[in-house]
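Naming: A, B, ... by sequence-line order, numbering from 1 per chain.
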Protein chains: 2
Amino acid sequence: MHLKTQQQSSILRVLAHLGRPVTPQELLEAASADSPGLGQATVYRALKRLVETGEVRKIEVAGVSPHYEMERGNHHHFFVCESCQKMFELDGCPGGFRKLLPPGFTMSSHEVIIYGTCQSCAA
Amino acid sequence: MHLKTQQQSSILRVLAHLGRPVTPQELLEAASADSPGLGQATVYRALKRLVETGEVRKIEVAGVSPHYEMERGNHHHFFVCESCQKMFELDGCPGGFRKLLPPGFTMSSHEVIIYGTCQSCAA
DNA sequence: CGCTAATTGAGAATTGATTCTCAATCGGAA
DNA sequence: TTCCGATTGAGAATCAATTCTCAATTAGCG
């Protein structure tokens, strides 16, 4: 997409720098350093466009509100810290899901979410 | 819990009979046959109590609104049909999730959701 | 039966996430 | 620069799920 404004480029840059799935609220707070006075509507508008162009992915998992992360094309899953509620990307995938399907069912995608305690909270 | 009223026992009985995760709305419609005039608030109140006592489990996965199912103590995961939006239980679990964890992270639980087409919709 | 506390149904209210409205401001082509 | 369409911020509005309010009804002890 064209990054026509300072706000839009701040939002995308900050999202890329955070390097993990974040909520629109976290993103607003982080990007406000770059763009003082940034409004939440602008964050939502930017995220919506970025999701539509495939540059950003919206992640919805039970227990936490929706998060967004840069789409980097690598298949991965997620970890949710039950202590700080932060979400992390997990590399790799155990596979073997197709064998769980009952007869006649077909799989188009799958998701794995692991809940637990992150390194910071465990310390 | 004590099933003090006709409504409460209808709700639990119907939920058990449906045999798969259902939405409060589906449950309301199904249980209305047993208890005419049943209100949605009553369904939500009953589900809330049943979840608190551990008899029922609330399932939240991306793409569909919250579903509820009887807690039967068997570890399993879920299938969501992208065509009819219905949710099904999948027996078994591939395991091997712990090896996805980064150092210092601990796992307390996990969830697997498979998206695709169910047998009815594939036919 | 008679009574009181608990439960119910209907609709209003709340909640959290997200979108809309609109006047003010910005970006960039001429 | 000048101008116009696009973008922005603030707050109102929406949306779906769920909870609350309250008067009417029900359960079941005495």
Side-chain angles (χ1 to χ4, degrees), chain A residues 1-15 21-53 55-69 78 80 82 84-87 113, chain B residues 1-15 21-53 55-69 78 80 84-87:
Chain A
M1 78 181 282
H2 290 207
L3 295 176
K4 294 175 180 152
T5 67
Q6 192 217 338
Q7 287 89 336
Q8 286 174 31
S9 57
S10 291
I11 289 168
L12 187 55
R13 178 157 20 85
V14 168
L15 182 57
V22 294
T23 60
Q25 187 56 38
E26 286 180 286
L27 186 52
L28 170 62
E29 287 158 17
S32 290
D34 271 36
S35 298
L38 184 66
Q40 59 164 233
T42 302
V43 173
Y44 275 104
R45 279 187 284 239
L47 287 174
K48 188 177 186 182
R49 274 174 271 185
L50 291 163
V51 168
E52 282 165 0
T53 63
E55 290 168 88
V56 166
R57 179 176 165 206
K58 179 178 186 178
I59 301 145
E60 299 172 85
V61 312
V64 294
S65 52
H67 285 58
Y68 294 80
E69 73 167 357
F78 302 98
V80 176
E82 294 170 319
C84 67
Q85 314 296 118
K86 281 201 178 70
M87 184 177 288
I113 305 113
Chain B
M1 76 180 285
H2 289 206
L3 294 176
K4 293 173 181 154
T5 67
Q6 192 218 339
Q7 287 89 335
Q8 287 175 30
S9 56
S10 291
I11 289 168
L12 187 55
R13 177 157 22 85
V14 168
L15 182 57
V22 293
T23 59
Q25 187 57 37
E26 287 180 284
L27 186 52
L28 170 61
E29 286 158 17
S32 289
D34 271 38
S35 297
L38 184 65
Q40 58 166 250
T42 302
V43 172
Y44 275 104
R45 279 186 286 238
L47 286 174
K48 187 176 186 183
R49 274 173 272 184
L50 290 163
V51 168
E52 283 165 0
T53 63
E55 289 167 88
V56 166
R57 179 173 165 209
K58 180 178 186 177
I59 302 145
E60 298 172 85
V61 313
V64 294
S65 53
H67 284 59
Y68 294 80
E69 72 165 358
F78 302 99
V80 176
C84 67
Q85 314 295 117
K86 282 202 177 70
M87 183 177 287

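Regarding A:E26, its CD atom lies at a distance of 15 Å from the C1' atom of C:dA17, rounded to whole Å. In this structure, A:R49 places its CZ atom 16 Å from P of C:dT18, rounding to the nearest Å. Rounded to a whole Å, the CG atom of A:L47 is 16 Å from the C1' atom of D:dT7. The interatomic distance linking B:E52 (CD) with D:dT18 (C1') rounds to 14 Å, in whole Å. The CG-P distance, from A:L12 to D:dT7, rounds to 15 Å in whole Å. Atom pair B:R45:CZ and D:dC22:C1' shows a separation of 11 Å (rounding to whole Å applied). Between B:Q6 atom CD and D:dA27 atom P the separation is 8 Å, expressed in whole Å. As rounded to whole Å, 13 Å separates atom C1' of C:dT8 from atom CD of B:Q40.
When the side chain to side chain contact (heavy atoms under 4.5 Å, CB included) test is applied to B:Q25, the partners found at least two apart in sequence or on another chain are B:T23, B:L28, B:E29.
Taking the side chain of B:K48 as heavy atoms from C-beta on, and the options C:dT19, C:dG9, D:dT19, the nearest nucleotide is D:dT19. Side-chain atoms of A:A41 lie closest to D:dG9 of the nucleotides D:dG9, C:dA17, D:dC20.
OP1 or OP2 of C:dG27 has not a single side-chain nitrogen or oxygen of A:K4 nearer than 4.0 Å. Under 4.0 angstrom from either OP1 or OP2 of D:dA17 there lies at least one side-chain N or O belonging to B:S65. Of the side-chain N and O atoms in A:Q8, one or more sit less than 4.0 angstrom from OP1 or OP2 of D:dT8. Residue A:T5 has no polar side-chain atom (N or O) positioned under 4.0 Å from OP1 or OP2 of D:dA6. Listed pair B:Q7 / C:dG9 meets the phosphate criterion, a side-chain N or O lying under 4.0 Å from OP1 or OP2. Between C:dG9 and B:T42, a contact under 4.0 Å exists linking OP1 or OP2 to a side-chain N or O. Phosphate contact (OP1/OP2 of C:dT18, side-chain N/O of A:K58, threshold under 4.0 Å): present.
Contact check for B:P24 versus B:L47: side-chain heavy atoms found under the 4.5 Å cut-off. Looking at heavy atoms from C-beta onward, A:F78 lies in side-chain contact with A:I59 at the 4.5 angstrom threshold. You'll find the side chain of B:V22 stays beyond 4.5 Å of the side chain of B:V14, heavy atoms only.
Taking a pair as Watson-Crick or G-U wobble with both distances under 3.5 Å, the runs of three or more consecutive pairs in DNA chain D are C:1-30 with D:1-30.
Nucleotides of DNA chain D nearest to B:Y44 and A:P36 differ in position, and the one nearer the 5' end is that of A:P36. Nearer to the 5' terminus of DNA chain D, by closest-nucleotide assignment, is the contact made by A:L38 (compared with the other of A:L38 and B:E60).
In this structure a side-chain-to-backbone donor-acceptor pair under 3.5 Å is missing from A:E55 to A:R49. No side-chain donor-acceptor contact under 3.5 Å links A:Q7 to the backbone of A:A31. The closest donor-acceptor contact from the side chain of B:S35 to the backbone of B:S32 lies at 3.5 Å or more, if one exists at all.
Taking NE2 of A:H67 as the start and CD of A:Q85 as the end, the distance is 8.5 Å to the nearest 0.5 Å.
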